[in-house]
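Notes follow the structure.
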Amino acid sequence: MQQANLGDGVATARLISRSDWGARLPKSVEHFQGPAPYVIIHHSYMPPVCYTTVDCMKSMRDMQDFHQLERGWNDIGYSFGIGGDGMIYTGRGFNVIGAHAPKYNDRSVGIVLIGDWRTELPPKQMLDAAKNLIAFGVFKGYIDPAYKLLGHKQVRDTECPGGRLFAEISTWPHFTYLNTTEGTSTPTPVEPHAHAQPAPPPAAPQAPPQVPAQSPPAAVHKV
């Protein structure tokens with residue numbers, strides 16, 4: 001884990017690397033010139049919210065599996081993930097073209113808050129981590145200080161990031177209501193965004209499985 005204290009109480013960003021959560025190598029990596037003028041907020045819908053680092057690491061792997069293996073994309077679609085443990089998980093990272101928001105993939109940071117936030121608000125540690133990540137990106141020059149904050153639903157016909165989370169981010173600094181001409185000058189990206197769908201319910205009731213003994217959480221190293 002990389003911990004960056006930005007000083008003066010601005011924020012503290014806790015970043016878990018791709019190797020920490022067990023990411024596969026991307027098929028290819030395409031960069032864009034920063035700083036990014038947009039930050040776009042998502043929810044994962046599926047996988048559901050995770051509250052331990054071990055579970056959140058698995059959620060990141062599950063999303064990468066869905067995007068790479070089922071969708072055939074280069075990598076997990078998002079720039080970063082936020083877990084219910086309050087940790088920030090590196091996806092494609094800063095200044096890498098993503099697959100999360102058509103017409104904005106080559107000029108935005110895509111942040112997914114793991115879980116379904118249509119009716120519930122993410123816990124405080126998740127919201128704080130997202131804000132800290134944005135502050136960290138601005139401080140390091142990856143995000144334009146005059147960035148515009150958007151919800152995914154503003155750039156694509158989707159419920160994402162969920163109604164409750166969207167209402168929350170609409171109160172944050174830099175939240176922007178787009179006019180009809182913004183985002184029309186760049187071509188549609190090769191990799192459109194899609195969320196994993198929940199598994200269908202079983203055909204017949206089944207006895208609940210026994211809960212296995214929980215493994216100890218994976219160690220998270222400070223750098």
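In this chain, numbering begins with 1 at the start of the sequence shown. Since the structure is predicted, the reported quantities are computational estimates derived from the model, not experimental observations.
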What pair of heavy atoms forms the shortest contact from [X] to [Y], and how long is it?
X: Lys153; Y: Thr158; result: CB-O, 3.2 Å
X: Pro122; Y: Leu127; result: O-CD1, 3.7 Å
X: Pro37; Y: Asp144; result: CA-CB, 4.1 Å

Can you confirm whether [X] sits close enough to [Y] that some side-chain heavy atom of one is under 4.5 Å from a side-chain heavy atom of the other?
X: Lys103; Y: Val155; value: no
X: Ile40; Y: Val109; value: no
X: Ile143; Y: Pro35; value: no
X: Ile111; Y: Leu133; value: yes
X: Met63; Y: Ile114; value: yes
X: Cys56; Y: Trp21; value: no
X: Tyr89; Y: Tyr78; value: no
X: Cys160; Y: His43; value: yes

Any chance you could measure [X], atom [atom1], to [Y], atom [atom2], to the nearest 0.5 Å?
X: Asp106; Y: His31; atom1: CG; atom2: NE2; result: 13.5 Å
X: Cys50; Y: Asp62; atom1: SG; atom2: CG; result: 10.0 Å
X: Glu168; Y: Ile41; atom1: CD; atom2: CD1; result: 10.5 Å
X: His174; Y: Ile169; atom1: NE2; atom2: CD1; result: 13.5 Å
X: Arg107; Y: Asn95; atom1: CZ; atom2: CG; result: 14.5 Å
X: Ile76; Y: His67; atom1: CD1; atom2: NE2; result: 6.5 Å

Do the side chains of [X] and [Y] join up, straight or via other hydrophobic residues, at under 4.5 Å, putting them in one cluster?
X: Ile134; Y: Leu121; value: yes
X: Trp172; Y: Ile88; value: yes
X: Leu25; Y: Val96; value: no

In terms of heavy-atom contacts, does CD of Gln125 have more than 12 from other residues, nucleotides or ligands at under 6.0 Å? yes

Q. Are the side chain of Trp117 and the backbone N or O of Phe166 linked by a donor-acceptor pair below 3.5 Å?
A. no

Asp116 vs Arg164, test: salt bridge (charged side-chain N to carboxylate O under 4.0 Å, His left out). Steps then yes/no. CA-CA 10 Å; Asp116 177 358; Arg164 187 66 185 87; over 6 Å; no

**Request:** Determine the sole option in Gln64, Arg92, Lys27 for which the side chain to side chain donor-acceptor pair (under 3.5 Å) test with Asp75 is passed.
**Result:**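 Exactly one candidate clears the test, Gln64.
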
* Any chance the rings of His42 and His100 have centres within less than 6.0 Å? ->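 Between His100 and His42, which both carry aromatic rings, the centre distance is below 6.0 Å.
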
The side-chain contact (heavy atoms from CB on, under 4.5 Å) partner of Asp65 among Arg71, Met60, Arg24 is Arg24

